[in-house]
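Report on the structure given below.
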Amino acid sequence: MLPQEAIRAKRDGQELPPDAIRELVSGIADGRLADAQLGALAMAITLQGMSDAETVAFTEATRDSGEVLDWRGLDLPGPVLDKHSTGGVGDLVSLVLGPWIAACGGHVPMISGRGLGHTGGTLDKLEAIPGYSVTPDTATFRRLVKDVGVAIIGQTGSLAPADKRLYAVRDVTATVESLPLIVASILGKKLACGLDALVMDVKVGGGAFMPTPEASRQLAETIADVASRAGTPTTALLTDMSQPLAPCAGNAVEVREALAVLTGERKGGRLLEATRGLAAEMLLAGGLASDRAAALATLDERLASGAAAERFARMVAGLGGPSDLLENSGRHLPTAAVMREVHAPRAGHLNAIDTRALGMAVVELGGGRRAPDDIIDPAVGLSDIAALGEAVSHGQPLARIHAASAADAEHAERHLLAALSLEDTPRPAPSLIQDTIRREVP
Ligand code: URA
């Protein structure tokens with residue numbers, strides 16, 4: 001089918017056959033489709049939607065538009081597993097989860113992204129570690145996935161090239177919001193990593209990528225359905241993002257938090273609960289545990305024994321970071337010039353947090369990008385952020401600002417005070433893991 005005929009059919013609400021979709025996506029990847037056609041196609045899909053079968057075909061074609069990683073030649077003793085998150089604030093799950101799964105026998109080739117809007121990016125966090133390279137050569141990547149069990153690196157140009165081109169066009173044609181395009185974009189990249197199973201963390205609440213809880217649920221269900229129909233068993237968790245996941249946000253501050261969790265210095269908390277929940281699903285999906293209780297028991301043992309921390313240390317050293325990060329993090333991780341506590345202007349219950357505003361405060365401090373080429377400051381951010389539902393007294397610290405200057409800290413303080421709502425009557429915080437959607441390959 002000619003591209004213009006396929007675009008016309010979609011525009012008029014018809015269902016496209018799989019071979020027409022494959023043809024379109026390969027034309028996106030190799031440049032046969034002009035930008036104008038890409039824009040028109042994206043708009044037709046945004047307005048008319050896609051059936052499940054079309055979304056599966058679009059996802060598979062996106063996955064197959066470039067290299068699909070193949071781990072079979074390495075004779076890995078365990079399954080190849082990964083997790084993807086729709087992104088949040090204080091969401092450093094990947095830093096803890098990747099090494100933790102490796103310590104339980106999984107292999108995690110995690111291709112991560114950079115901060116986007118108010119959300120932080122795993123690569124930006126890891127680059128706060130001096131020397132850590134997110135662009136190793138393929139041999140190093142494969143060796144680490146085999147020997148250490150985990151490597152967290154950046155997107156390579158060869159994975160899902162159709163998505164790279166389509167995403168750039170969607171960004172400027174008001175077509176980012178289309179559910180089938182989001183699903184094909186996320187899964188096209190993830191499924192190109194040659195996974196045996198995938199776990200998705202779909203955020204719900206004020207700091208989430210999707211605008212409403214219903215939209216988050218629909219995304220979670222569609223991702224689990226489409227990925228499993230495309231051959232990768234997938235579990236999606238709906239998790240709360242109405243407050244930062246960890247009590248901190250920023251790059252070096254989040255690496256410090258990851259180390260605290262991995263070494264057992266930070267026990268409990270929402271970050272650990274979410275990571276443990278996601279990790280248990282990964283062990284189950286990968287056949288590394290017979291049931292949830294067994295998965296949790298293995299996870300708890302591998303964290304307490306220091307095995308997960310040891311995998312993190314080996315990954316960091318293997319990718320060019322210091323070999324003594326665990327022992328001497330204070331020597332290696334950058335600290336901000338100015339620290340400032342934000343104090344509660346009155347007594348009350350912390351009933352609402354504008355999570356998006358906290359994320360943007362980190363961007364404004366220099367911890368994220370306003371323009372794609374901005375250089376970020378790894379040292380800045382927020383820590384010791386009070387939790388939703390907490391009862392605070394007048395003058396009690398609500399958060400600590402890590403800033404490059406006193407002026408930046410003052411600016412951030414104003415934003416923080418506006419983002420944290422204190423009220424007289426307590427309100428319960430939403431539960432962290434709100435649902436689990438498991439899908440087998442049909
Ligand atoms: N993340 C992606 O990778 N693609 C989308 O379309 C949306 C979020």
Side-chain angles (χ1 to χ4, degrees), residues 21 24-25 28-29 38-39 41-47 49-50 54-56 58-66 68 82-89 91 93-94 109-124 134 152-193 195 198-205 207-212 215-227 230 232 234 236-239 241 356 359 368-369 372:
I21 291 177
L24 283 169
V25 175
I28 298 172
L38 218 54
L41 176 67
M43 187 57 82
I45 294 171
T46 301
L47 295 176
M50 277 187 147
E54 284 177 299
T55 310
V56 172
F58 208 94
T59 298
E60 289 175 335
T62 305
R63 174 195 67 195
D64 299 337
S65 66
V68 177
D82 200 2
K83 180 247 15 166
H84 183 73
S85 157
T86 55
V89 177
D91 178 5
V93 165
S94 295
M110 196 181 277
I111 310 279
S112 292
R114 299 199 176 274
L116 198 63
H118 67 288
T119 66
T122 299
L123 296 185
D124 296 330
V134 299
I152 307 179
I153 67 162
Q155 178 71 256
T156 73
S158 56
L159 290 182
D163 178 62
K164 191 166 184 211
R165 193 162 165 237
L166 181 54
Y167 196 89
V169 169
R170 286 169 60 207
D171 204 21
V172 292
T173 54
T175 54
V176 167
E177 294 88 347
S178 155
L179 183 69
L181 292 180
I182 292 171
V183 169
S185 169
I186 291 176
L187 288 179
K189 290 184 289 252
K190 275 287 145 179
L191 302 188
C193 294
L195 308 177
L198 173 67
V199 171
M200 263 308 292
D201 182 6
V202 179
K203 307 292 186 186
V204 190
F209 168 67
M210 299 304 271
T212 63
S216 291
R217 174 171 294 278
Q218 201 187 2
L219 177 63
E221 286 179 352
T222 311
I223 282 185
D225 284 343
V226 169
T232 306
T234 294
L237 271 68
L238 279 163
T239 68
M241 192 36 75
R356 189 174 291 270
R369 295 177 190 79

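Order of appearance sets the numbers: ligands from 1, and atoms from 1 within every ligand. In this text the structure is predicted, and so the values were computed from the model without any measurement. Here, residue 1 is the first one in the sequence, and each next residue gets the next number.
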- Exam field: side chain Arg356 to backbone Ala208, donor-acceptor pair closer than 3.5 Å: yes
- Exam field: side chain Ser178 to backbone Thr175, donor-acceptor pair closer than 3.5 Å: no
- Note on the structure: Output for ligand 1, non-hydrogen cut-off under 4.0 Å, lists Tyr167, Arg170, Ile182, Ser185, Ile186, Lys189, Phe209
- Query: Are Lys83 and Asp201 close enough for a salt bridge, meaning some N to O gap below 4.0 Å?
  - Reply: no
- Query: Pick from Thr55, Val56, Thr62: which one makes a side-chain contact (heavy atoms from CB on, under 4.5 Å) with Thr59?
  - Reply: Thr55
- Please assess Thr232 against Thr234 for the test side-chain hydrogen bond (donor to acceptor under 3.5 Å, both in side chains), listing each intermediate value before the final yes or no. CA-CA 6 Å; Thr232 306; Thr234 294; 5.7 Å; no
- Task: Mark yes or no for whether Arg170, through its side chain, and Val176, through its backbone, hold a donor-acceptor pair below 3.5 Å.
- Result: yes
